[in-house]
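Comments concern the structure below.
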Amino acid sequence: ASRAVEDALFQKEVDHLAQLEDFDPLARRLQERDLFYAAHGQGFWGNRAEQKVSWQSLVSLARAATLLREQVGAEKKWKTPRDAVAWFTAVGWEIDRQGEVLFRDDAGLPAGLHGVRARLRRAYLRHLDRCNAAFSEMLHHHGVDALGLSFAGEVLAKARPPKDPMAVLVLDACRYDLGARLAEMLDKGEPARRAEVLPARAPLPSITALGMPFALADEADALSVGITKEAPARWRVTASDGAQDLTAAEPRREWLRRRFKLKPAATTDVKSVLDSSPPGPKDSGRLLFVFGDEFDAQGHEGELKFTGADDHIERYVRVVRRLRDAGYSTVAVVTDHGFVHWDPEKDEVDDPPTGEVLWRSRRAVVGRELKHPTAVAVPVKGSDLECLVPRSVNAFRTYGGIGFF
């Protein structure tokens, strides 16, 4: 019942945590005290007081520490790339969710917990590096086809009902954990589970220009990929049923309307759906495509890392529900690629590959007869080109800012 006692208990815990410099004893303490933090967080001073004691900050840190501690060494159990996919889609994505929480700006975090959060941030980054290093090694030995995954457009085609109306929410850079959180929010309050999350494979290099066509085309083999000889070099993707360049947004939408015999209103965007009633099945031709790029845009601007994605996910939930209310009994969400936040150290920035380099970026170099001592080589789908990707979370020394891949 005493604010003074509650403050003293909280400060004693913060002081104890601040003395634990190594990750394992820190994480063990947070994990062991999780229920204690939660009980105080739900009590009067942690939940209902006008000026709350920050027990919820400890609850949040304990959740992240517990998951990181439980998954230490998870990558050592993988034998093939499929093992890595199975682990990530079952539990690994949850660590990305906790990573977002750890890096999100929290003005209310007590000063004494800044060091604790910094140590958990370092543990998350080490986890990211370890898992991606093991994954890179497997791709090097087994090849990218060993993932056993279809491209997103092929998964989308199987989900399309033969007769009933369907809306497709096309999101740029909707990482797997964000999709899983979107599904969780859509299922909240429903009498039965309605949202399902399916893994898909993105093309390499994982950029929007390539990812979007492969996220929408029924058959990946029907796409032809190339690089123009003009300066600067540009990607060009065409489908077997047309000559439009599908790397550009408007030709891609026109191709969709023609491909599925849709009406002009069959393509729109997230803002339009939220600002006014979306086109109904009769107005679209029973198939509606809604485009949103908030994750990608804010990632490149540097905002997403600090604000988190909660506001965007809530907006997308509203979009899905508005589409459902407009008469679309099936709503699919599809994406072109994911992302990672990383600021490489000097030893994590590699010299670029040599050979006939046709296109380069921080996370991939494309060309022919490329050579590099450590990069993973994969074919560029739909072309005779080769893509080299630096291992783990490393970057190539080339143009562009560092931080959002």
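It should be emphasised that the depicted structure is a prediction, and the values quoted were computed from it without experimental measurement.
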For residues 129-168, which residue pairs pass the ring-ring contact (aromatic ring centres under 6.0 Å, His included) check, not counting sequence neighbours?
Phe151-Phe214
Output yes when Glu386 and Arg368 qualify as a salt bridge under the 4.0 Å nitrogen-oxygen rule, no when they do not.
no
Are any of the side-chain heavy atoms of Met212 and Val170 separated by less than 4.5 Å?
yes
Would you say the side chain of Val334 lies within less than 4.5 Å of the side chain of Val168, judging by non-hydrogen atoms?
yes
Are the side chain of Arg363 and the backbone of Asn394 linked by a donor-acceptor contact shorter than 3.5 Å?
yes
Arg28/Asp24 salt bridge by N-O under 4.0 Å criterion
yes
Tell me whether the NZ or CZ atom of Arg121 lies within the 45° cone about the ring axis of Tyr124 and under 6.0 Å from its centre.
no
Would you say the side-chain atoms of Gln71 and Trp87 include a donor-acceptor pair closer than 3.5 Å?
yes
Tell me whether Arg175 forms a cation-pi arrangement with Phe339, defined as NZ or CZ under 6.0 Å from the six-membered ring centre and within 45 degrees of its axis.
yes
For residues Phe396 and His372, establish whether the separation of their ring centroids is below 6.0 Å.
yes
For Val380, does its backbone N or O pair with a side-chain atom of Ser383 as donor and acceptor, under 3.5 Å?
yes
Contact list for residues 79-96, test salt bridge (charged side-chain N to carboxylate O under 4.0 Å, His left out), sequence neighbours left out:
Glu94-Arg97
Does Glu154 form a salt bridge (charged side-chain N to carboxylate O under 4.0 Å, His left out) with Arg160? I'd like the steps, not just the answer.
CA-CA 10 Å; Glu154 296 169 325; Arg160 193 162 55 244; over 6 Å; no
Is there a donor-acceptor pair under 3.5 Å between the side chain of His127 and the backbone N or O of Arg69?
no
Ala192 versus Asp187, closest heavy-atom pair with distance
O-OD1, 4.3 Å
Salt-bridge criterion met for Arg234 and Asp245 (N-O under 4.0 Å)
yes
Closest heavy-atom pair and its distance - Trp359, Ala233
CD1-O, 4.3 Å
Just by distance, with hydrogens left out, do Glu13 and Tyr37 show a side-chain donor and acceptor under 3.5 Å apart?
yes
Identify whether the distance between the nearest side-chain nitrogen and carboxylate oxygen of Arg119 and Asp22 falls below 4.0 Å.
no
Considering only residues two or more places apart or on different chains, which pairs with a residue in residues 35-55 satisfy salt bridge (charged side-chain N to carboxylate O under 4.0 Å, His left out)?
none
Verify, without hydrogens or angle tests, whether Arg252 (side chain) and Thr247 (backbone) share a donor-acceptor contact under 3.5 angstrom.
yes
Sequence neighbours excluded - salt bridge (charged side-chain N to carboxylate O under 4.0 Å, His left out) pairs with any residue from residues 161-173:
none
Taking the ring of His312 and the ring of Phe295, is the distance between their centroids below 6.0 Å?
yes
Using distance alone, with no hydrogens and no angle criterion, decide if Trp55 and Glu6 have a side-chain donor and acceptor under 3.5 Å apart.
yes
Looking only at atom types and distance, does a side-chain atom of Asn132 sit under 3.5 Å from a main-chain N or O of Leu128, one as donor and one as acceptor?
yes
Heavy atoms of Ala152 and Thr335 approach each other most closely as CB-O, 3.9 Å
Glu348-Trp342 side chain donor-acceptor pair, cut-off 3.5 Å
yes
Restricting to non-hydrogen atoms, name the atom on Ala123 and the atom on Phe23 that form the minimum distance, rounded to 0.1 Å.
CB-CD1, 3.5 Å
When Gln244 is tested against each of Arg258, Glu250, Glu254 for side chain to side chain donor-acceptor pair (under 3.5 Å), which residue passes?
Arg258
Main chain of Val5, side chain of Ser2: is a donor-acceptor contact present, judged purely on distance under 3.5 Å?
yes
Is a donor from one side chain sitting under 3.5 angstrom from an acceptor on the other, for Tyr328 and Ser284?
yes
Taking all non-hydrogen atoms of both residues, which atom of Val144 and which atom of Leu139 are closest, and how far apart?
CA-CD2, 4.1 Å
Asp275 side chain to Ser272 side chain, donor-acceptor N/O pair below 3.5 angstrom
no
Tell me the salt bridge (charged side-chain N to carboxylate O under 4.0 Å, His left out) pairs involving residues 131-148, sequence neighbours left out?
Glu137-Arg391, Asp145-Arg201
Using distance only, find each side-chain donor-acceptor pair of residues 259-268 under 3.5 Å and give its atom names and separation, not counting sequence neighbours.
unit_1: Arg259; atom_1: NH2; unit_2: Asp218; atom_2: OD2; d: 2.8
unit_1: Lys263; atom_1: NZ; unit_2: Lys282; atom_2: O; d: 2.6
unit_1: Thr267; atom_1: OG1; unit_2: Arg257; atom_2: NH1; d: 2.4

Any side-chain to backbone donor/acceptor pair from Asp351 onto Arg397? Under 3.5 Å, distance only.
no
Beyond-backbone contact of Val53 with His40, side-chain heavy atoms, under 4.5 angstrom:
no
Indicate yes or no: does Asp7 engage Arg3 in a salt bridge with an N to O separation below 4.0 Å.
yes
Take atom CD of Glu70 as the centre, draw a 6.0 Å sphere, and report whether it contains more than 12 heavy atoms from other residues, nucleotides or ligands.
yes
I want to check a possible cation-pi pair here: Arg253 against Phe291, using under 6.0 Å from ring centre and within 45° of the ring axis as the test.
yes
Tell me whether Glu100 is salt-bridged to Arg181, with the criterion being a basic N under 4.0 Å from an acidic carboxylate O.
yes
Hey, is Asp106 close enough to Arg117 for a salt bridge, meaning N to O under 4.0 Å?
no
Can you give me the closest heavy-atom contact between Val101 and Ser60, atom names plus distance?
CG1-OG, 3.2 Å
Does Asp15 form a side-chain hydrogen bond (donor to acceptor under 3.5 Å, both in side chains) with Gln11? I'd like the steps, not just the answer.
CA-CA 6 Å; Asp15 292 344; Gln11 192 57 49; 2.9 Å; yes
